[in-house]
Amino acid sequence: DAGVTQSPTHLIKTRGQHVTLRCSPISGHKSVSWYQQVLGQGPQFIFQYYEKEERGRGNFPDRFSARQFPNYSSELNVNALLLGDSALYLCASSLASNTEAFFGQGTRLTVV
Amino acid sequence: TQLLEQSPQFLSIQEGENLTVYCNSSSVFSSLQWYRQEPGEGPVLLVTVVTGGEVKKLKRLTFQFGDARKDSSLHITAAQPGDTGLYLCAKEANAGKSTFGDGTTLTVKP
């Protein structure tokens, strides 16, 4: 069975550009969460979506947005990229909003 | 503000040695999770502890939850190179909104 899949695995963008990261949850999982992990730190919560609705938002600027599709896959969008947005972006899926989460391998974003 | 403090930040030991890493908070946890993360991968859940004083064992790993549910420890017996990784503790609001510590980076040398 496929785990959580994220694409792309690596990405290089220039300051000011926009980026879209994608996540496919484990089959049957309806909740998707996004985390940002800067080098040397633990993951920081960005968003949670459950049944296509936003259920939680972390302390991130409005440049960050996300959505969940009818098939429960999700996109994370970041506008006006800054150098400080360089990080590993992790997606986690779970059956429901309060069950164990399984993480994907992440997307490594580098902003130059 | 970092709600979870993990120590030590870095630990480098020889194969066969024992080690303990710690996770502390000023507030009470309803539950606490330990994860291991390898380079280029996402975190993998090792254990969830819920009850104060609880001890759980996973092969050579022993997890303890403090009586007051404000701290936890992870002890590894006879460490192996395969134990190398970043060990993260997380406090869970619900499964999608975990607050993580900054982790302990463990290196086990052959």
Side-chain angles (χ1 to χ4, degrees), chain A residues 3-6 8-10 21 23-26 29-51 53-60 66 68 72 74 76 87-108, chain B residues 1-12 21-25 27 29-50 56 58 63 71-72 74 84-107:
Chain A
V4 178
T5 57
Q6 293 187 241
T9 55
H10 296 83
L21 309 181
C23 173
S24 293
I26 292 172
H29 284 197
K30 298 181 178 180
S31 177
V32 169
S33 297
W34 288 95
Y35 289 80
Q36 180 197 65
Q37 187 175 22
V38 174
L39 194 63
Q41 296 182 15
Q44 298 288 316
F45 172 74
I46 310 176
F47 287 109
Q48 184 199 24
Y49 277 78
Y50 177 68
E51 287 281 17
E53 292 187 358
E54 183 182 301
R55 290 298 184 93
R57 172 186 284 256
N59 188 25
F60 280 81
Q68 187 176 32
Y72 302 110
S74 179
L76 175 69
L88 180 68
Y89 287 85
L90 294 164
C91 173
S93 80
S94 54
L95 277 170
S97 61
N98 60 346
T99 56
E100 179 184 348
F102 296 83
F103 284 85
Q105 83 285 2
T107 293
R108 172 70 64 187
Chain B
T1 301
Q2 183 55 260
L3 300 178
L4 295 176
E5 293 188 2
Q6 291 192 245
S7 62
Q9 185 177 1
F10 298 97
L11 187 57
S12 181
V21 298
Y22 301 92
C23 176
N24 294 284
S25 173
S27 58
F29 304 127
S30 56
S31 66
L32 184 134
Q33 298 177 319
W34 284 95
Y35 291 81
R36 189 177 81 169
Q37 184 177 21
E38 297 187 23
E41 301 291 331
V44 175
L45 179 66
L46 297 174
V47 77
T48 299
V49 287
V50 177
K56 284 191 174 180
L58 183 65
F63 305 85
D71 57 273
S72 181
L74 160 58
T84 292
L86 176 66
Y87 288 83
L88 295 159
C89 66
K91 168 183 166 181
E92 186 179 280
N94 64 46
K97 302 177 185 177
S98 295
T99 299
F100 286 83
D102 284 338
T104 293
T105 299
L106 172 65
T107 303

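Lettering follows sequence order; numbering is per chain, from 1. Only a predicted model underlies this, so the values are computations on that prediction, with no experimental measurement involved.
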Looking at every heavy atom in both [X] and [Y], which two are closest together, and how far apart are they?
| X | Y | result |
| --- | --- | --- |
| B:Pro43 | A:Leu90 | CD-CD1, 3.8 Å |
| A:Gln48 | B:Lys97 | OE1-CE, 3.3 Å |
| A:Gln37 | B:Leu88 | NE2-CD1, 4.5 Å |

Worksheet entry | Heavy-atom side-chain contact between B:Ser98 and A:Tyr35 under 4.5 Å | yes
Practice prompt. Could you tell me the separation between the CZ atom of A:Phe102 and the CG atom of B:Leu45, rounded to the nearest 0.5 Å?
Written response: 7.5 Å
Worksheet item: B:Gln37 versus chain A, heavy atoms under 4.5 Å apart: side chain, backbone, both or neither?
Response: side chain
Item to complete: Tell me whether the centres of the aromatic rings in B:Phe100 and A:Phe45 are closer together than 6.0 Å.
Response: no
Item to complete: Would you mind telling me which of A:Pro43, A:Gly56, A:Ser93, A:Gly58 has the largest number of heavy-atom pairs within less than 4.5 Å of chain B?
Response: A:Pro43
